[in-house]
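Report on the following structure.
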Amino acid sequence: MSVFLHALTLVSLQLFIFAASACSQGLEKALITHSSESISIAPLTYGIEKGFYRKEGVDLQFRILRGDLAISSMVSGKEVDYIYGAGTAFLAAVRGAPVKILAHDFKSVFFYLMAQPSVRSAKDLKGKKIAVSSLGGTGAASARACLRALELDPDKDMTFIVIGAASVRLAAMESGSVEAAIMPVPWNSRMKQKGFKEMVFAGKVFSQPLTGIAASKEKMEKNRPQVVKMLRGFMRSLKAAREEKRDFVEFIGRKFNLDPRVAEETYQVVLQTLTEDGTVSQQALEDLLEQMKKETGVQREISVQEIVDYRLLREVAGTAGR
């Protein structure tokens with residue numbers, strides 16, 4: 001009898017493993033990237049941790065990757081399936097890359113221009129180096145806006161140094177190899193504690209849709225069902241960020257190593273700038289397009305609709321809860 005029970009237990013265990021494996025195999029694997037460990041990724045990573053994307057059938061993995069490399073990989077159909085840098089995707093599309101932005105989660109930027117303790121005024125930055133994650137995208141555009149607000153010419157008065165993720169930019173500041181860096185919230189709080197100076201909050205001088213889901217046109221054409229699942233997970237995450245305050249604040253504090261007070265303050269900033277439904281106004285997109293064309297020198301006619309496509313998002317929103 002004991003032998004029978006032992007065999008039955010083994011069979012049950014094997015069936016359980018098989019069922020778990022089958023369940024796992026039923027999930028579509030996808031990789032989404034962003035260029036920095038900033039607060040702007042909080043809704044995305046919260047949604048991944050809570051299993052919102054898995055519930056939609058997508059085993060979504062997140063990785064930090066420089067924006068230009070992510071665009072290149074996504075367009076070539078290699079490892080990257082989606083990027084969370086809407087600013088980076090917008091710039092790439094203006095330059096002709098076959099990518100589209102499908103959703104936005106934030107209406108404005110979360111960057112601070114941080115400087116060395118020895119910097120007393122804007123003129124001390126003239127001729128110096130500033131660290132950015134890439135030469136294109138939201139971070140670099142925020143840095144340029146901050147410099148203009150300080151009455152500096154970003155094309156003449158500073159040298160932009162591409163360093164990568166926020167942690168690497170902080171290390172460059174600590175080593176003294178750069179005089180300033182554009183840093184996302186909540187990294188500014190950590191840097192202030194270390195004695196670095198907040199020069200400008202980019203959100204006060206620069207308005208730009210920050211993050212959201214972008215994909216290649218090929219992905220949208222060849223795997224529309226997965227894109228729909230992604231957008232469902234995105235909408236679940238957006239809703240949870242608004243409604244699950246206690247859990248979301250705890251998540252922010254844990255992920256970014258913030259004390260409860262700073263985590264609460266950061267959440268309030270997030271709440272104020274979070275989009276209502278994953279979209280931003282047509283005017284904001286038109287203004288961004290004109291700005292990007294001017295910065296890149298692109299002369300060809302291009303419309304916002306060629307870059308931003310909310311149609312699937314609106315379909316998903318329209319069927320939510322059915």
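Treat the numbers as computed from the prediction; the structure is a model and nothing was measured. Basis for what follows: all heavy atoms, side chains included, without hydrogens, waters or symmetry-related copies.
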Closest heavy-atom contact between Val99 and Ala89? CG2-O, 3.5 Å
Among Phe201, Trp187, Phe196, which one satisfies ring pair (Phe, Tyr, Trp, His ring centres under 6.0 Å) with Tyr112? Phe201
Considering all heavy atoms of both residues, which atom of Val58 and which atom of Leu27 are nearest to each other, and what is their separation? N-CD2, 4.0 Å
Would a distance-only check, ignoring hydrogens and angles, find a side-chain to backbone donor-acceptor pair under 3.5 Å from Thr273 to Ser108? no
Inter- and intrachain pairs under salt bridge (charged side-chain N to carboxylate O under 4.0 Å, His left out), touching residues 207-216, at least two apart: none
From CA spacing to verdict: side-chain hydrogen bond (donor to acceptor under 3.5 Å, both in side chains), Ser36, Ser38: CA-CA 5 Å; Ser36 175; Ser38 67; 4.6 Å; no
Min side-chain heavy-atom separation Ile161-Ile130 under 4.5 Å: no
Considering only heavy atoms from C-beta outward, does the side chain of Glu174 approach that of Lys194 to under 4.5 Å? yes
To the nearest 0.5 Å, what is the distance between NZ on Lys197 and CG on Asp124? 8.0 Å
Counting only N and O atoms by type, is there a donor-acceptor contact under 3.5 Å from the side chain of Ser35 to the main-chain atoms of Ser133? no
Using side-chain heavy atoms (C-beta onward) and a distance below 4.5 Å, is Asn223 in contact with Glu28? yes
Heavy-atom count check: over 12 atoms from other residues, nucleotides or ligands less than 6.0 Å from Gln268 CD? yes
Heavy-atom distance under 4.5 Å between the side chains of Phe248 and Val270, does that happen here? yes
Would you confirm whether Ser237, through its side chain, and Gly233, through its main-chain N or O, come within 3.5 Å as a donor-acceptor pair? yes
Indicate whether any N or O donor in one side chain lies under 3.5 Å from an N or O acceptor in the other, for Gln116 and Glu179. no
Is Leu238 reachable from Val227 through a run of I, L, V, M, F, W or Y residues, each pair having side-chain heavy atoms under 4.5 Å apart? yes
Any donor-acceptor pair under 3.5 Å linking the side chain of Arg63 with the backbone of His34? no
Following the transitive rule for hydrophobic clusters with a side-chain heavy-atom cut-off under 4.5 Å over Ile, Leu, Val, Met, Phe, Trp and Tyr, establish whether Leu65 and Ile32 coincide in one cluster. no
Asp157 with Lys128: basic N within carboxylate O range, under 4.0 Å: no
Have Tyr53 and Asp59 got a donor and an acceptor in their side chains that come within less than 3.5 Å? no
Which salt bridge (charged side-chain N to carboxylate O under 4.0 Å, His left out) pairs, counting each pair once, include a residue from residues 249-276, with sequence neighbours left out? Glu49-Arg254, Arg242-Glu276, Lys245-Glu264, Glu250-Arg254, Arg261-Glu265
Hey, could you give me the CE/CG distance between Met114 and Asn188, rounded to the nearest 0.5 Å? 6.0 Å
So, Gln226 versus Lys219: side-chain donor-acceptor pair below 3.5 Å or not? yes
With respect to Gln61, which candidate in Leu31, Asp81, Ile48 satisfies the side-chain contact (heavy atoms from CB on, under 4.5 Å) definition? Leu31
Other residues, nucleotides, ligands: >12 heavy atoms within 6.0 Å of Arg311 CZ: no
For Tyr267, does the six-membered ring have the charged nitrogen or CZ of Arg246 within the cation-pi criterion, i.e. under 6.0 angstrom from the centroid and within 45° of the normal? no
Supply the atom-to-atom distance Leu113 CG to Ser142 OG, rounded to the nearest 0.5 angstrom. 10.0 Å
Using the side chain to side chain contact (heavy atoms under 4.5 Å, CB included) rule, take Leu231 and Val228 through it: C-alpha gap first, then chi angles, then the decisive distance, then the call. CA-CA 5 Å; Leu231 291 174; Val228 169; 5.8 Å; no
At what distance, to the nearest 0.5 angstrom, does CE of Met191 lie from CZ of Arg169? 9.5 Å
Evaluation steps, side chain to side chain contact (heavy atoms under 4.5 Å, CB included), between Val119 and Leu125: CA-CA 7 Å; Val119 173; Leu125 292 175; 4.0 Å; yes
Please determine, by modelled atom types, if Thr211 and Asp105 share a side-chain donor-acceptor pair under 3.5 angstrom. yes
May I ask you to decide whether Arg314 forms a salt bridge with Asp277, counting only side-chain N to carboxylate O separations under 4.0 Å? no
Do Leu102 and Phe234 have side chains that get closer than 4.5 Å, going by heavy atoms? no
Should Leu69 and Arg66 be marked as a side chain to side chain contact (heavy atoms under 4.5 Å, CB included) after you check the CA-CA gap, both sets of side-chain angles, and the distance that decides it? CA-CA 5 Å; Leu69 297 179; Arg66 216 171 72 193; 4.1 Å; yes
Between Glu244 and Lys239, does at least one N-O distance fall below 4.0 Å, as a salt bridge requires? no
Any side-chain heavy-atom pair from Arg190 and Leu170 closer than 4.5 angstrom? no
Please round to the nearest 0.5 Å and tell me the distance separating atom CZ of Phe160 and atom CG of Leu135. 8.0 Å
Mind listing the closest non-hydrogen atom pair of Thr33 and Phe62 along with its distance? C-CE1, 4.1 Å
For residues Ile71 and Ile302: do they belong to one hydrophobic cluster (side chain heavy atoms under 4.5 Å, members Ile, Leu, Val, Met, Phe, Trp, Tyr)? no
Kindly indicate whether the side chain of Pro43, heavy atoms from C-beta on, has any atom under 4.5 Å from the side chain of Phe106. yes
Minimum heavy-atom distance Ala172-Ile163, with the two atoms named: CB-CD1, 3.5 Å
Do Ser175 and Ser177 get their side chains close enough for a donor-acceptor pair, meaning under 3.5 Å? yes
Nearest heavy atoms of Ala86 and Ile101, plus distance in Å: O-CD1, 3.3 Å
Looking at every non-hydrogen atom in both residues, tell me the closest pair between Tyr310 and Ala103 and how far apart they are. CE2-CA, 4.1 Å
So does Arg232 pair up with Glu315, basic N to acidic O under 4.0 Å? no
Taking only Lys NZ, Arg NE, NH1 and NH2, and the carboxylate oxygens of Asp or Glu, determine whether Arg236 and Glu56 approach each other closer than 4.0 Å. yes
Between Val94 and Ile307, does a side chain to side chain contact (heavy atoms under 4.5 Å, CB included) hold up when you go through it step by step? CA-CA 8 Å; Val94 168; Ile307 301 173; 3.8 Å; yes
Shared hydrophobic cluster for Val109 and Met183 (ILVMFWY, side-chain gaps under 4.5 Å): yes
Is Ser73 reaching over with its side chain to a backbone N or O of Ala70, donor-acceptor style, under 3.5 angstrom? no
Exercise answer: donor-acceptor pairs, residues 280-287 side-chain atoms, under 3.5 Å, sequence neighbours excluded:
residue	atom	partner	partner atom	Å
Ser281	OG	Ala284	N	3.1
Gln282	NE2	Glu286	OE2	2.9
Gln283	NE2	Asp287	OD1	2.8

Could you measure the distance from the CD1 atom of Ile252 to the CD1 atom of Ile39? Nearest 0.5 Å is fine. 4.0 Å
Leu313 with Leu60, same ILVMFWY side-chain cluster at under 4.5 Å: yes
